[in-house]
Amino acid sequence: MSKLPFKPEGVFFDLDGTLLDSGLDLDHALRLLCAAQGVEPPPYEAVRPVVSRGSRAIISVGFPQLDEAGVLALVPRYLALYEANMAAHTVPFAGVEPMLAGLVSADIRWGIVTNKPGFLTDALLPQAVPHWQPAAVVSGDTLPVKKPDPAPVLLACETAACAPARSVFVGDDRRDIVAGHAAGLFTVAVRWGYLDGGDPDTWGADAVVDHPDDLAALLGVGEVPA
């Protein structure tokens, strides 16, 4: 895979489905919620694709009979169940750690832009990946808007002191690509995430990669050993 036409100042990532495989823990919280409500839980295969869309989408898979108000009423309990055991099985996707190490070695700042609520982001990162030191973390409630609005991406660039035109945004959902494009970043769609948005080739990303090793090569840090 060819490298970017520029050395990036910053690389910013979606969290769930891009850097971290958190699907099992999010599914476990849904199973607990279903049990508490006397409902048969759906199979993980039905839950995994919507993980990147957040709690309401996950709850809707388990409770398809509920309208929007009914789903919203279950969100606080679901989030509490998730928060209580959020890092039991959550790990970086294979290849993410050496890719991030390559960015650090190349003096490229990196950060996270997620739609996950801040209290969950702030609790999860120290538990799942306490050694990570992102230059910026922007959560879903850091601003009044979230992805696909470009404002959170622009805030991450500002926080990390990176020019958007010389930065990259990476994600596993169409909303990531829309937000990154609107903010003026080079966008990369990844195939290893949850992909509820369908085929990444149709999202209009500047590049599509199959594995974190491919992303490392694109960013020019692929030679860094695992």
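Sequence positions, counted from 1, serve as the residue numbers for this chain.
Tracing side-chain contacts under 4.5 Å through hydrophobic residues (I, L, V, M, F, W, Y), one never reaches Leu154 starting from Val137; they form parts of separate clusters. In the hydrophobic clustering of ILVMFWY residues, with side-chain heavy atoms under 4.5 Å counting as a link, Val188 and Leu15 come out together. The cluster map of Ile, Leu, Val, Met, Phe, Trp and Tyr, joined by side-chain heavy atoms under 4.5 Å apart, puts Trp132 and Val138 in different clusters. The same ILVMFWY cluster, assembled from side-chain heavy atoms under 4.5 Å apart, contains both Val39 and Val47. Linking Ile, Leu, Val, Met, Phe, Trp and Tyr whenever their side-chain heavy atoms come within less than 4.5 Å leaves Val51 and Val91 in two separate clusters.
Crowding of His89 atom NE2: a count of heavy atoms from other residues, nucleotides or ligands under 6.0 Å not exceeding 12. The neighbour count for Arg77 CZ, taken as heavy atoms of other residues, nucleotides or ligands under 6.0 Å away, does not exceed 12. Residue-environment remark: CG (Asp67) exceeds the threshold of 12 foreign heavy atoms within 6.0 Å. More than 12 heavy atoms of other residues, nucleotides or ligands lie within 6.0 Å of CD in Gln65, so this atom counts as buried by the packing criterion.
Among all heavy-atom pairs drawn from Asp173 and Ser52, the shortest one is OD2-CB, 4.3 Å. Between Val71 and Ser60, the closest heavy-atom pair is CG2-OG, 3.6 Å. Of all heavy-atom pairs spanning Ala160 and Ala135, the tightest one is CB-CB, 3.8 Å. For the pair Val113 and Ala156, the tightest heavy-atom approach, listed with the atom from each and the gap, is CG2-CB, 3.5 Å. Pro212 approaches Ala94 most closely through the heavy-atom pair CG-O, 3.3 Å. What you find for Trp110 and Leu19 is that their closest heavy atoms are CZ3-CD1, 4.1 Å.
With contacts defined as side-chain heavy-atom distances shorter than 4.5 Å, the pair Trp203/Thr187 does not qualify. Contact annotation: the side chain of Leu219 never approaches that of Lys3 to less than 4.5 Å [non-hydrogen atoms, C-beta and beyond]. You'll find the side chain of Asp210 stays beyond 4.5 Å of the side chain of Trp192, heavy atoms only. Taking 4.5 Å as the limit, some side-chain heavy atom of Leu74 sits within range of a side-chain heavy atom of Gln37. Contact check for Phe12 versus Val170: no side-chain heavy atoms found under the 4.5 Å cut-off. Side-chain contact check for Leu125 versus Ile112: some heavy-atom pair is nearer than 4.5 Å. Side-chain contact check for Glu97 versus His131: some heavy-atom pair is nearer than 4.5 Å. By the 4.5 Å heavy-atom criterion applied to side chains, Pro134 and Phe13 are not counted as neighbours.
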side-chain contact (heavy atoms from CB on, under 4.5 Å) assessment of Phe63 paired with Cys34: CA-CA 8 Å; Phe63 300 86; Cys34 287; 3.9 Å; yes
Between Ile108 and Glu9, does a side-chain contact (heavy atoms from CB on, under 4.5 Å) hold up when you go through it step by step? CA-CA 5 Å; Ile108 298 171; Glu9 294 180 2; over 6 Å; no
Stepwise salt bridge (Lys or Arg N to Asp or Glu O under 4.0 Å) test for Arg174 and Asp199: CA-CA 9 Å; Arg174 184 188 298 272; Asp199 181 1; over 6 Å; no
With side-chain hydrogen bond (donor to acceptor under 3.5 Å, both in side chains) as the test, would you mind laying out the steps for Thr90 and Ser22 before giving the verdict? CA-CA 5 Å; Thr90 294; Ser22 51; 5.0 Å; no
Run the side-chain contact (heavy atoms from CB on, under 4.5 Å) test on His211 and Val190 for me, step by step, so that the C-alpha distance in whole Å, both residues' side-chain angles and the decisive distance to 0.1 Å come before the verdict. CA-CA 7 Å; His211 189 276; Val190 306; over 6 Å; no
Could you please spell out the steps behind the side-chain hydrogen bond (donor to acceptor under 3.5 Å, both in side chains) verdict for Tyr194 and Asp21? CA-CA 9 Å; Tyr194 303 127; Asp21 187 357; 2.9 Å; yes
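The structure places CG of Leu81 at 6.0 Å from CG of Leu33, a figure rounded to the nearest 0.5 Å. Distance check, rounded to the nearest 0.5 Å: OH of Tyr82 to CG of Leu26 gives 4.5 Å. Atom CG of Leu72 and atom CZ of Arg56 lie 5.5 Å apart (nearest 0.5 Å). Between atom CZ of residue Arg191 and atom CG of residue Leu215 there is a gap of 13.5 Å, rounded to the nearest 0.5 Å. Taking CG of Asp206 as the reference point, atom CD1 of Ile177 lies at 8.0 Å (rounded to 0.5 Å).
Under a 4.0 Å N-O distance rule, the pair Asp27/Arg48 does not qualify as a salt bridge.
The backbone N or O of Asp172 sits less than 3.5 Å from a side-chain atom of Thr18, completing a donor-acceptor pair. Side chain of Tyr44 to main chain of His28: no donor-acceptor pair is present (N/O by atom type, distance under 3.5 Å, no hydrogens or angles). Checked by atom type and distance alone, the side chain of His181 never pairs as donor or acceptor with a backbone atom of Pro150 at under 3.5 Å. For the pair Arg109 (side chain) and Ala161 (backbone), a donor-acceptor distance under 3.5 Å is present. Here the side chain of Lys116 pairs no donor or acceptor atom with the backbone of Leu124 at under 3.5 angstrom.
When each of Val153, Val11, Leu185 is paired with Ser167, the side chain to side chain contact (heavy atoms under 4.5 Å, CB included) condition holds for Leu185 and for no other.
The stretch residues 142-166 participates, sequence neighbours left out, in these side-chain hydrogen bond (donor to acceptor under 3.5 Å, both in side chains) pairs: Asp14-Lys147, Lys147-Asp176.
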